[in-house]
Amino acid sequence: MASNYIAFVLFLLPLLFAGEAAHQKNSIPSIIPGSIISPRTHHKISWPSPSGQFEFGFYAYGHGFAIGIWLVGNNNRNTVIWTANPDDPPVASNAVLAFNQNGLLLIEAEQEKLIANSSLSLTSASMLDSGNFVLYDDSHIAWQSFEHPTDTILGGQVLSAGDRLLSGLSETNHSSGRFQLIMQSDGNLVLYTANNIEDTSKVPYWSSGTHFEQSTNFTYRLFLDSISGVLHIDVENTPSGTQILSIWNAGGVANSTDHNRNGTIYRATLGPNGMLRLYSHDNGDEYGKPKEDYLIWSALRYACDVNFCGFNSFCTTLEGQQPTCRCVPGSVFVDLNEKTHGCFKDYRDGCRDGKENITLYSIDQIENITWYGIAYNEARMSMEECKNSCLEDCYCGAALYQKDKYKSYNVCLKHKLPLEYVRRNIYQEFNTMAFFKVGKSTNTTISATNHDRPTKFQFTNKNIYFQILFLALGLAIFSCVSITISCLYIFKIRILRYKRLRLGEIKGQHGLGDEELTLRVFSYNELKKATNGYKEELGKGGFGAVYKGTLNKGQKLVAVKKLHKLIEEGEKEFRAEMRAIGRTNHKNLVRLMGYCAEDSKRLLVYEYMSNGSLADLLFKQVHRPYWDERVRIAIEVAKGIHYLHEECKNPIIHCDVKPQNILMDDFWTAKISDFGLAKLLMPDQTRTFTRIRGTRGYMAPEWEKNTPITVKTDVYSYGIVLLEIICCRKNLKVDVENVEEIVLSSWVYRCFVHRDLDKLVVGEDVDRKTLENMVKVGLWCIQDEPFLRPSMKSVVLMLEGFTDIASPPCPTSASVCELRRSM
Ligand SMILES: *[C@@H]1O[C@H](CO)[C@@H](O)[C@H](O)[C@H]1NC(C)=O
Ligand SMILES: *[C@@H]1O[C@H](CO)[C@@H](O)[C@H](O)[C@H]1NC(C)=O
Ligand SMILES: *[C@@H]1O[C@H](CO)[C@@H](O)[C@H](O)[C@H]1NC(C)=O
Ligand SMILES: *[C@@H]1O[C@H](CO)[C@@H](O)[C@H](O)[C@H]1NC(C)=O
Ligand SMILES: *[C@@H]1O[C@H](CO)[C@@H](O)[C@H](O)[C@H]1NC(C)=O
Ligand SMILES: *[C@@H]1O[C@H](CO)[C@@H](O)[C@H](O)[C@H]1NC(C)=O
Ligand SMILES: *[C@@H]1O[C@H](CO)[C@@H](O)[C@H](O)[C@H]1NC(C)=O
Ligand SMILES: *[C@@H]1O[C@H](CO)[C@@H](O)[C@H](O)[C@H]1NC(C)=O
């Protein structure tokens with residue numbers, strides 16, 4: 001009986017296992033070694049995924065076939081999402097792809113080629129429902145198509161730091177195209193034209209704006225969520241391994257009854273036109289609803305936002321046509337067959353002794369066009385003056401005439417050639433006029449002068465007297481003008497000579513080098529006299545009191561800062577420091593005019609700032625300063641700090657950025673003061689400061705944590721100042737209506753999360769986009785993690801609208817934010 005039972009079980013056992021195996025095959029149909037596919041007739045041409053939505057195999061390409069993965073669409077309109085070796089020519093219809101223990105082997109006309117390989121001994125392969133084709137060694141993944149993306153990532157797929165997508169050449173030719181999407185190891189997701197990639201001076205034509213410091217402790221990745229359809233950049237804190245923070249996201253699909261969640265596939269594709277787009281692919285349903293692609297998100301709006309045109313050229317689209325490049329006036333294509341390679345100017349230089357021969361040129365103009373780059377000259381003038389100014393200037397290749405962003409007047413921005421990233425100015429609310437210098441050939445010179453001649457004066461016999469009169473008058477005027485010009489010229493030369501003599505004197509007197517020409521050494525008595533015995537005190541700062549004084553017999557107002565005791569420092573070090581400060585020269589820094597170092601006395605002489613400090617302006621006025629003024633001041637301060645950090649010979653960390661240290665000159669230009677002094681009190685800036693530290697409220701968390709003080713410490717303080725500029729109130733304010741408003745930074749974050757920024761500028765007429773951008777920049781700057789704070793350069797670029805700004809995460813650790821949100 002028992003033996004019968006055992007026999008029965010033994011009989012059943014193989015069947016049970018067979019059933020188990022069959023079941024497994026059903027869920028993930030394994031491809032076993034020895035399986036082949038081929039485009040030959042009567043052969044299996046592909047391996048489908050269980051859902052049937054994806055297939056791996058041969059697809060028709062060119063005059064033959066290519067091997068890849070595609071998303072199955074309606075009526076055979078498939079979407080290829082991956083291609084093996086895209087640059088290889090198509091294979092013939094007798095080709096065979098075999099899966100064996102070494103990988104995928106392509107056999108074509110006696111030639112063999114490994115498409116995917118592994119050092120391991122492979123046991124099976126699968127086309128998964130996610131669109132990932134996987135080779136297994138037992139249960140380990142030995143190779144997967146998700147790790148070798150071409151131009152697309154699918155839901156669930158990751159693009160790790162350093163990885164890239166490469167666009168195809170065209171819709172029908174999948175070989176390497178002109179555009180790349182790179183997940184940089186600094187956290188920035190960027191789009192480049194392929195020929196610009198390795199050139200770090202180049203600017204991506206699109207970026208997520210999330211560039212941080214590179215650190216081995218943090219890894220960034222791009223991830224497309226297969227459930228929500230959200231594309232996001234995550235940062236992972238490697239040592240702790242747990243903290244994953246999303247620092248940027250795009251796309252995502254709102255709940256909709258139309259959406260069949262079950263079969264929806266998301267994909268982000270870098271198209272052959274350089275556009276990065278996110279699509280959802282609806283699988284249709286059994287009631288006849290077709291499979292369809294929906295565009296969810298696009299990194300760029302217009303085809304011409306992709307800056308694929310070279311120097312001196314720009315992209316244009318004519319109705320219904322592919323975008324092409326066009327040269328700016330005065331230039332011709334470098335290569336007529338490759339219009340993306342840019343243009344060069346096609347006129348000779350007529351410059352002699354610094355004077356342009358204006359008879360050789362004319363000016364062409366184009367409306368609403370702009371370009372990237374910094375003008376070598378910027379001045380306020382009329383449109384006509386701008387045009388002529390460029391014509392007469394040897395260096396000027398093109399000039400941009402436009403409204404100054406923050407002032408009500410127009411400025412003329414002169415640029416040298418070549419021009420980079422020329423584009424139509426479609427987003428700006430005001431129009432621009434661009435002038436281009438164009439060479440005249442002798443032929444056109446004649447026609448132009450004919451054209452220019454005034455037609456009113458048709459000389460006839462009748463007005464011969466007028467002719468003579470005009471000639472005489474003309475001659476007289478001409479002589480007058482020439483004499484005046486000569487006089488002015490001579491006068492100017494005299495003045496220059498005189499100035500040079502004076503400078504020589506000063507140099508001889510003080511033995512100063514070239515770079516510190518402007519720095520004067522004062523005696524203590526001199527300054528005592530200048531300040532009338534330190535009578536009028538302007539204010540007291542962390543470093544000492546400031547007094548008003550006059551120089552040059554009362555003609556020049558100055559501010560004299562009397563430093564109180566410094567840590568032991570010799571006169572030599574002090575002088576060196578003064579020289580470093582004296583070398584700085586920027587319109588948003590208060591200029592140091594001189595100093596005094598006698599015995600233990602240390603005094604600094606600054607230019608006098610007549611309009612007080614930013615603190616007075618923001619916190620003490622009855623009326624808030626106008627919004628546009630505040631935006632301008634915020635940018636000016638950022639530029640000043642940027643200069644200290646990155647453009648000085650030796651970077652200067654301010655260590656005490658606050659509204660009290662930002663002064664206003666006669667024209668209400670913001671200037672930063674007290675820079676370079678922290679070093680006097682603490683020579684080694686990277687050590688922790690003990691005696692001197694920033695001002696509470698503006699201090700970055702590093703000060704508390706004993707971590708190194710870097711330029712990012714100033715960025716933090718700037719962030720707080722920026723929020724104060726936005727809201728016209730101090731960071732800490734006790735007399736507020738709600739408790740949550742006490743700390744400005746958390747209140748701002750709260751308002752930002754609840755999309756309620758209007759609360760910050762009640763009753764004001766502000767540009768909402770600018771407000772949101774400024775708030776975002778402020779919140780990025782005050783991140784606890786120094787590496788997450790942007791550099792001052794990025795801050796300037798973001799505030800000026802040159803780069804996009806991602807949504808900032810909570811400035812302090814996540815748990816605090818959760819608390820605050822639920823408060
Ligand atoms: C794709 O374009 C390249 C470069 O023009 C060309 O060499 C190749 O043959 C094309 N391939 C197909 C399939 O058309
Ligand atoms: C096989 O893979 C290795 C790296 O894993 C690579 O270096 C090698 O070139 C590959 N061989 C072929 C034939 O693709
Ligand atoms: C990286 O993490 C380790 C361990 O937590 C820490 O000691 C080190 O200072 C970190 N490095 C940086 C650059 O943050
Ligand atoms: C969207 O759908 C999910 C799951 O079906 C649900 O949990 C969520 O509340 C929905 N969201 C909205 C905004 O309807
Ligand atoms: C979702 O997919 C699962 C597995 O493929 C299937 O069993 C289920 O019926 C699907 N649901 C809908 C609503 O289509
Ligand atoms: C300007 O160029 C023209 C044509 O080449 C020449 O005849 C003339 O002398 C030049 N004038 C000066 C001031 O160089
Ligand atoms: C330039 O831009 C302005 C403002 O957007 C618009 O009014 C004007 O028509 C544009 N001119 C051209 C030639 O496109
Ligand atoms: C001058 O211009 C005319 C018409 O613009 C053209 O036909 C002629 O060939 C040109 N001559 C020279 C010498 O360039």
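Note that ligands are numbered from 1 as they come in the structure, with each ligand's atoms numbered from 1 the same way. All heavy atoms count here, side chains included; hydrogens, waters and symmetry mates do not.
Note that atom 11 (N) of ligand 1 has protein non-hydrogen atoms nearby, at separations under 4.0 angstrom. Distance screen at 4.0 Å: atom 14 (O) of ligand 1 has a protein heavy-atom neighbour inside the cut-off.
For atom 5 (O) of ligand 1, the closest heavy atom belonging to the protein is L169 CD2, 4.1 Å. Looking from atom 1 (C) of ligand 1 to the surrounding protein, the closest heavy atom is N173 ND2, 1.4 Å.
In this structure a side-chain-to-backbone donor-acceptor pair under 3.5 Å is present from Y376 to C396.
Close approach of ligand 1 to Y61 (heavy-atom distance below 4.0 Å) involves ligand atoms 13 (C). Each of the atoms 1 (C), 2 (O) of ligand 1 lies under 4.0 Å from some heavy atom of S175.
No close placement of the H232 and W248 rings is indicated, their centers lying 6.0 Å or farther apart.
Taking 4.0 Å as the cut-off between side-chain N and carboxylate O, R221 and D163 do not count as a salt-bridged pair. Salt-bridge annotation for D305 and R423: absent, with no side-chain N of the basic residue lying under 4.0 Å from a carboxylate O of the acidic one.
Between Y59 and H174, the two ring planes are tilted [angle within 30° to 60°].
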